[in-house]
Amino acid sequence: MHQRIFIGLLSGIAAGLALQGLRHSGFLSPAFLEGLDASLLSPVGKVFLGMLRMVVAPLVFASLALGVAQLGRLDRLGRLASRTFALFALNMAVGTILGLLLMNWLQPGAGIDAAARSSLIASQAAGVAKAQAGLAAQSGKFNVGSLVEMFFPANWITSLADPNLQILPLIAFALLCGMAATSLSESQRVSFIDAMDLIARLGTKIVDFALALAPYAVACLMASAVVRFGAGVLGPLLLFVFGVLGVMALHLFGSMTLLLKAFSKVPPGKFFRGIRTVMLTAFSTSSSNATLPTSLRVARDELGVSAPTAGFVLPLGATMNMSGTALYEGCVVLFVAQAYGIHLDLAQQAILVLLTVLSAVAVSGIPGASLPLIIGLLGNFGIPAEGLALVLGFDRILDMARTVLNVAADLVTAVIVDQSSPSPDSP
Ligand code: ASP
């Protein structure tokens, strides 16, 4: 699959450049290219994006409610659980903040040349104008009241029907349902968990269907982007990709080294040497879940983590702790906003950090799982979800990289928690 997507990416770019060349040399008329884009290239991409969009609401709801309902059993683990969650949250928040700092500094989306930018904006004119106006109106007026209103609007059902799907109220509702489920009788809680698990599995299967289309969709989306916006989008896109890879490396070897030094006795060098197989498995499978068996073995055999701690932290981390994903989600939102010329001020970016961490928890540990959530995040700021098409071509390689971070963060947490808390089965 990786190879096919990569081939799709390269052939899409090549086809786009060739079509552009033919237009410049007069062999193809602009009207022909427009027709080709409207009747072939864009529709294939739209089916792909449309399938992802359909599953956003059920998937976010079911995964979060499921996660919280399952945690009910963990209440009694006290310190171990609270340290684990604190480290998960810290790791995801630090990753996102680093990503946003870099995107603000590099401004890759702002580097798109004027002609490409105006056709990009023109392609979503109404949506972009609405987002710009909405965010500018909110700018500087942020307070606790407005944050509460984002989570608890007058009517959360209509917020879901908004063309820019508002996921915050849905997140709040899912968390409340999950919490309420923990107070049900054991058999009712189990039924609730089974139902949520079923919905999450269905949503995940639909993401799989979309991903089966990915090699073709990526080729069409890239060709369409180059035909419509010119080769001027490629440079900024590469800057974005290398920027994200760079900041991922910084988070992996920088932040995680600091965490290990501050809170554990395991030397970072030994840690990174020990988890080489885990990193390779994560990179080649793009799936935290598929990497879990390797992580469990390495945590015990190479890092000396006790079996009960590894058995508690790592499966939980594979589903909840998505440090690389959080970093990536924040970067994509900012990049797409920059590309459309939509400004997010400091308070709005702070909300983005919070939302990113919450939504990363809802991402499952399988390839491409964060894509529906990114659509939700874009919608939350009113940014047209079509902007995601810009980065989709490179998503797979960035998925491989962010999965490495996701599992490394789980192992860092396991090492630290193991050294600082009694293991879950001790009295
Ligand atoms: N592929 C990632 C994982 O399994 C999730 C994602 O960001 O899509 O950890």
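All heavy atoms count here, side chains included; hydrogens, waters and symmetry mates do not. Just follow the structure's listing: the first ligand is 1, and inside any ligand the first atom is 1.
A 4.5 Å side-chain heavy-atom check between F88 and V313 finds at least one atom pair inside the cut-off.
Heavy atoms of other residues, nucleotides or ligands lying less than 6.0 angstrom from CZ of R297 number more than 12.
Qualifying side-chain hydrogen bond (donor to acceptor under 3.5 Å, both in side chains) partners for T356, counting only residues two or more places apart in sequence or in other chains: none. For S42, the side-chain hydrogen bond (donor to acceptor under 3.5 Å, both in side chains) criterion is met by D37, not counting sequence neighbours. Remark: N91 pairs with H251, S323 by the side-chain hydrogen bond (donor to acceptor under 3.5 Å, both in side chains) rule, at least two apart or across chains.
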Quick check on ligand 1: any N or O pairs to the protein under 3.5 Å? One line per pair.
| residue | atom | partner | partner atom | Å |
| --- | --- | --- | --- | --- |
| ligand 1 | 1 (N) | S286 | O | 2.9 |
| ligand 1 | 1 (N) | I366 | O | 3.0 |
| ligand 1 | 1 (N) | D399 | OD1 | 2.7 |
| ligand 1 | 1 (N) | T403 | OG1 | 3.2 |
| ligand 1 | 4 (O) | S288 | N | 2.8 |
| ligand 1 | 4 (O) | S288 | OG | 3.4 |
| ligand 1 | 4 (O) | G365 | O | 3.3 |
| ligand 1 | 4 (O) | I366 | N | 3.2 |
| ligand 1 | 7 (O) | T325 | OG1 | 2.6 |
| ligand 1 | 7 (O) | S370 | OG | 2.9 |
| ligand 1 | 7 (O) | R402 | NE | 2.6 |
| ligand 1 | 8 (O) | A369 | N | 3.0 |
| ligand 1 | 8 (O) | S370 | N | 3.0 |
| ligand 1 | 8 (O) | S370 | OG | 3.1 |
| ligand 1 | 8 (O) | R402 | NH2 | 3.2 |
| ligand 1 | 9 (O) | S288 | OG | 2.5 |
| ligand 1 | 9 (O) | N406 | ND2 | 2.8 |

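At a threshold of 4.0 Å, the pair D194-R201 does not count as salt-bridged, since none of the basic side-chain nitrogens sits closer than that to a carboxylate oxygen.
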